[in-house]
Amino acid sequence: MLSRVLRFALLCACSFFISADLLAQFTVQHQAPTALVDGEVNTLEFFVPGVNQSDIQEAILFYNYDEGVGFQQQEILFRNGAFVVDFEIENPNASSVEYYFQLNLQSGAQIFYPENSPSENPVRLDIISSQNGLGDKIKKITNIDYTILSPEQGDALTPNDVVIAIALFYDINDVEPGEFKLFIDNRDVTELADTSDYFISYVPKNLRNGTHDIKLEYHTQNEIFQVTKWSFDVVDPSQAKPSGLGNDNGNRPIGRIELGARSQTIAGNSNDAYTARSNISGSYGLFRYSLNGFFTTQESDRLQPQNRFGATAQLGKWLRIDAGHVYPNISRFTIAGRRIYGLNTEANLLKDNFNMQFVYGEVNRKITNLYSSLDISETTDNSGNPVDTTYTLGYQELGKGAFTRKIMAGKIAFGNERKFQLGFHAMKVEDDTTSIFNIKDFTSLLEAPPSLYSDLTLQDRQKLSENPELLQIENGTVRPQGNFVAGTSLKMGLLNNRIRLESETVVSALNNNIYGGPLTVQGADDLGFDIEQKDADLLERLSQFIIINENMNVLPIKVKNIDSDSSEAETFFPTSLIGSNSEFSINYPANNFKLQYRWVGPNFSSLANSTVRRDIAGFTATDRFRMFQNRLYVTLGYESLEDNVTNNKDATTESKTIRSNFSWYPVSNKLPRMSFGLRYRTRENGVARFNPSVDNAFTNSAVQNFAIEVDEQGNIDTLLTPTPRENVTFNLSGSITQQFQLLSIIHDASLSFNNLNTKDNVFTFGDVKSSAVSFNITSRFNEVRLRTQLGLTFNNTETGSGQTNIDIFGLYTGASYFILDGKLNLNGRLAITNNTSKTRALKVADIVANDDDQENDYFVLDQSVNTSDFNTFVIQAGARYDLNDYHSFVFDANFTNVSGAGNSNDSIVTLRYLFNF
């Protein structure tokens with residue numbers, strides 16, 4: 001039997017080949033911004049040449065703030081050939097964001113950006129303020145609610161019709177003393193406005209035609225908070241759209257309805273699809289509501305829902321109800337933005353001193369099993385006599401199903417988190433075992449249609465009846481799981497919330513097979529130990545939270561005297577199920593310091609958030625300070641982490657990381673914005689490389705590793721050790737953005753690069769090298785309404801010290817042109833990508849040829865090189881015609897050619913009608 005090391009190495013080799021083949025077909029092009037701006041909508045675009053709508057199952061942006069525990073999720077829609085997400089900063093105290101992109105294909109494959117270990121090497125960006133372009137960071141104030149009465153976002157008014165009016169709702173005793181400031185186009189007009197504690201109005205004079213920005217701030221003695229910001233247009237009387245204030249239809253809903261038809265030819269197969277999308281929102285006083293929906297004729301019961309719809313109702317800041325497909329956020333250890341179908345309710349009462357949240361719904365919907373046939377095979381001896389018979393039931397292609405996975409979660413918190421808050425939360429996730437028909441053994445097979453087992457003889461049936469477990473299910477039967485997570489949280493703020501302490505501790509339990517229900521006295525006896533009836537009764541009562549039986553990832557039972565006739569069991573609490581995270585932060589205008597400590601056991605599990613890193617403990621310290629009138633941001637950080645937190649491994653891996661980031665954000669657009677980051681990480685587990693059975697030249701390539709141990713009597717023994725680990729990672733990244741004017745054209749040029757180099761000091765084939773450079777220039781013409789874009793990308797990735805080498809070159813260009821007084825927009829995009837990959841297999845060689853001794857085995861690279869070359873050519877063309885303010889027509893066409901993969905030609909034509917109201 002192969003050793004664990006050998007199996008691991010071969011699995012790694014297989015993953016290299018799989019990922020190389022996938023990357024050779026699909027790669028992600030993304031130009032990361034220099035920074036993310038707080039208080040504004042940040043648009044992130046991911047372009048994957050060659051991917052069509054029919055290939056996509058789901059696209060997700062995973063993100064977190066300040067290197068937190070686990071990642072939150074935001075779904076990304078595929079529109080006009082690209083994945084575009086509007087990202088807003090939700091954490092007012094955060095100073096940085098990390099994110100990565102994940103695309104799940106219908107085939108089951110996954111594509112990431114960044115490509116190499118995205119959860120460990122995400123894109124990291126600073127968060128900066130939108131004030132004066134880029135200056136002091138303005139926090140959003142959370143305890144002042146408002147209703148914009150006039151003008152609404154996007155209104156088009158004549159100069160004489162502009163009336164700015166906003167109503168405010170808050171508890172005057174719950175906010176720090178200060179005053180409201182109203183700005184129009186960054187000009188302070190507070191002294192000219194009519195202001196009170198709860199209402200502000202202003203009638204501006206002589207506003208020019210064009211777009212104008214309104215901003216309302218709350219100024220205290222030490223800090224500036226943003227209340228809201230929005231924009232409107234001043235136009236000629238013939239183009240004006242009346243504002244809601246003073247209008248009989250001031251409370252009318254606004255929104256968009258979109259109808260689309262798509263005709264596509266993919267790999268020679270024609271397919272038509274129809275879609276409908278809607279977004280409707282409105283308000284009446286303090287009551288706000290919104291409705292959204294997306295429906296497609298490509299909805300399939302073999303996949304998780306493609307049709308999505310939802311509704312939101314909110315009363316002030318006190319009550320909120322989301323229904324349909326919702327994205328609840330209970331905590332980072334439970335569920336954090338994952339889509340479910342159900343209900344999410346939130347209540348914030350008594351001046352935010354009593355807070356509740358309740359979530360109920362489905363994480364996954366049921367997908368029925370599709371079985372193929374029962375395969376009966378006989379094994380014979382050398383004389384041809386039957387020795388044994390195997391019975392294997394298979395699935396049809398993509399026929400393995402899934403249970404309906406239900407979720408119920410709740411949170412209750414006492415106190416205002418800006419001062420002191422204590423909270424408790426819990427989550428139950430459990431598969432509904434009755435939702436699908438699932439064959440587990442021969443007994444359940446007999447409940448299936450007889451045609452599925454008609455080939456069984458009477459002798460076969462008799463044999464299987466006596467031994468139902470002899471029936472094997474290809475790739476295993478679907479096993480229902482159960483999960484329960486419960487914990488407590490503490491939030492505290494001092495000195496006007498400048499000093500904060502936040503802590504969360506949870507405990508989880510996971511059952512990998514809830515069939516059979518909770519453990520009973522008889523069930524324990526069948527397993528070879530005894531439990532008392534009172535313990536069985538306790539497990540029965542606990543089953544309303546989670547079913548506890550022998551299939552737990554950790555069984556909270558210790559068996560005494562297991563080798564005797566008097567074996568007994570007693571319950572205990574396994575610490576490996578705990579997860580904890582604590583953060584201490586100091587936030588001042590020119591300095592942000594954060595100290596974080598985490599401890600997550602190896603058996604912690606959340607079926608609603610799989611991004612939490614397990615078996616990890618340690619601290620992270622970061623300090624960001626600003627200089628030169630807040631134009632230079634400097635971030636310094638140190639992290640020390642280790643695994644084996646419960647001492648259940650033979651070796652502990654320690655990871656130490658030093659990181660720094662320097663960012664320059666000048667106010668003048670004549671100067672470039674720059675950001676450079678450096679990360680240095682070491683990982684080692686203290687196990688030395690040693691194998692006396694191989695030559696010194698092959699020590700770092702050996703399949704097995706040993707250590708010499710001398711006992712008290714002086715006897716020498718050679719022991720097999722865990723796999724040694726010692727590597728160093730150096731990561732350098734940066735981006736430069738510059739705006740300049742040339743030939744009466746305004747150009748925005750950006751250059752970004754990322755270089756990652758991991759050197760393995762104890763394994764010959766453990767090195768990883770990756771480098772990526774991207775350049776983009778966007779040009780806006782002054783004399784004509786024309787916008788052009790040109791981009792280049794270069795990527796090289798080498799893994800396994802030569803096992804895989806991938807080179808990617810990408811070129812894309814696009815243009816957008818407005819004519820007919822802006823009613824008609826013509827746009828196009830051309831993308832060319834060349835992907836070349838070279839792979840070499842990892843083989844096992846012997847010091848002595850053809851011997852069975854694994855001690856002298858070592859790894860070598862196969863001399864043969866497998867080379868693949870793919871070229872992707874994508875051309876997109878589109879047009880949008882605005883018939884008037886309400887009706888628009890959009891046409892998009894996409895042609896894709898892939899050479900080196902069957903020379904396939906794909907084409908998509910889409911027509912959409914938009915109704916805005």
Side-chain angles (χ1 to χ4, degrees), residues 36 62-72 89-100 114 117-127 331-333 336 487 489-492 498-506 578-588 591-602 604 609 611-626 633-645 652-663 675-685 727-733 756 758:
L36 295 180
F62 290 89
Y63 67 95
N64 68 22
Y65 296 103
D66 295 333
E67 305 166 33
V69 173
F71 286 82
Q72 300 182 55
I89 306 300
E90 301 170 344
N91 187 338
N93 298 312
S95 59
S96 66
V97 170
E98 292 180 316
Y99 68 86
Y100 67 91
S117 303
S119 61
E120 292 188 15
N121 305 300
V123 178
R124 186 189 181 281
L125 298 175
D126 278 338
I127 298 174
S331 77
R332 288 178 286 187
F333 281 109
S489 62
L490 174 67
K491 297 181 180 181
M492 183 186 304
R498 295 189 182 279
I499 299 179
R500 287 196 59 80
L501 174 64
E502 298 186 9
S503 181
E504 179 184 2
T505 300
V506 298
I578 294 176
S580 179
N581 181 71
S582 298
E583 298 177 2
F584 172 78
S585 60
I586 302 176
N587 302 290
Y588 279 86
N591 186 260
N592 301 93
F593 173 80
K594 175 173 285 189
L595 180 64
Q596 174 190 15
Y597 178 80
R598 71 189 78 175
W599 194 102
V600 185
F604 172 83
N609 187 1
T611 66
V612 177
R613 186 178 174 185
R614 297 182 293 181
D615 195 16
I616 197 75
F619 71 91
T620 303
T622 58
D623 188 18
R624 186 173 85 157
F625 51 93
R626 312 169 204 179
Y633 289 66
V634 179
T635 304
L636 303 176
Y638 177 77
E639 182 177 75
S640 177
L641 301 174
E642 65 180 25
D643 65 359
N644 195 22
V645 296
T652 299
T653 300
E654 296 181 352
S655 173
K656 299 184 184 301
T657 304
I658 299 174
R659 56 167 52 91
S660 61
N661 194 86
F662 302 89
S663 302
S675 181
F676 300 95
L678 174 67
R679 180 166 62 101
Y680 178 80
R681 183 186 67 197
T682 62
R683 282 183 175 171
E684 58 89 20
N685 63 359
N727 59 55
V728 177
T729 297
F730 181 82
N731 184 203
L732 178 65
S733 61
L756 176 71
T758 298

Measure the spacing between [atom1] of [X] and [atom2] of [Y] and express it to the nearest 0.5 Å.
X	Y	atom1	atom2	result
Phe593	Phe584	CZ	CZ	7.5 Å
Tyr63	Gln72	OH	CD	4.0 Å
Asn685	Asp643	CG	CG	8.5 Å
Thr653	Arg683	OG1	CZ	8.5 Å
Glu98	Phe62	CD	CZ	14.5 Å
Arg124	Tyr99	CZ	OH	12.5 Å

Check this for me, if you would: do [X] and [Y] make a salt bridge, where the nitrogen-to-carboxylate-oxygen distance has to be below 4.0 angstrom?
X	Y	result
Arg332	Glu502	no
Lys594	Glu583	yes
Asp615	Arg613	no

Return yes if a side-chain donor-acceptor contact under 3.5 Å exists between [X] and [Y], otherwise no.
X	Y	result
Asn121	Arg679	yes
Ser96	Asp126	no
Asn644	Thr652	yes
Thr729	Asn731	no
Arg681	Thr657	no

Note, [X] side chain near [Y] side chain (heavy atom, < 4.5 Å):
X	Y	result
Phe730	Leu756	no
Ser585	Ile499	no
Phe333	Asn581	yes

**Prompt:** Hey, does the side chain of Tyr638 reach the backbone of Lys656 with a donor-acceptor pair shorter than 3.5 angstrom?
**Reply:**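 No; judged by distance alone, with no hydrogens or angles, the pair does not exist.
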**Request:** Look only at the side chain of Asn592 and the backbone of Asn587, and say whether a donor-acceptor pair between them is shorter than 3.5 Å.
**Result:**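 No, the answer is negative, given that no donor and acceptor are paired below the 3.5 Å cut-off.
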**Prompt:** Could you walk me through whether Arg598 and Glu639 pass the salt bridge (charged side-chain N to carboxylate O under 4.0 Å, His left out) check?
**Reply:** CA-CA 11 Å; Arg598 71 189 78 175; Glu639 182 177 75; 3.7 Å; yes
[X] versus [Y], closest heavy-atom pair with distance:
X	Y	value
Ala621	Leu595	CB-CD1, 3.9 Å
Phe604	Ile578	CB-O, 4.2 Å
Ala94	Asp66	CA-OD2, 3.4 Å
Val645	Pro602	CG2-CD, 3.7 Å
Ala336	Asn609	CB-ND2, 4.2 Å
Phe71	Pro122	CZ-CG, 4.5 Å

**Request:** Determine, step by step, whether Phe619 and Tyr597 satisfy the ring-ring contact (aromatic ring centres under 6.0 Å, His included) criterion, reporting the C-alpha distance in whole Å, the side-chain angles of both residues, the deciding distance to 0.1 Å, and the verdict.
**Result:** CA-CA 4 Å; Phe619 71 91; Tyr597 178 80; 7.9 Å; no
**Request:** Before giving the answer on side chain to side chain contact (heavy atoms under 4.5 Å, CB included), spell out for Arg500 and Lys491 the whole-Å C-alpha distance, their side-chain angles and the decisive distance to 0.1 Å.
**Result:** CA-CA 7 Å; Arg500 287 196 59 80; Lys491 297 181 180 181; 3.7 Å; yes
**Prompt:** Has Tyr680 got more than 12 heavy atoms of other residues, nucleotides or ligands less than 6.0 Å from its OH?
**Reply:** no
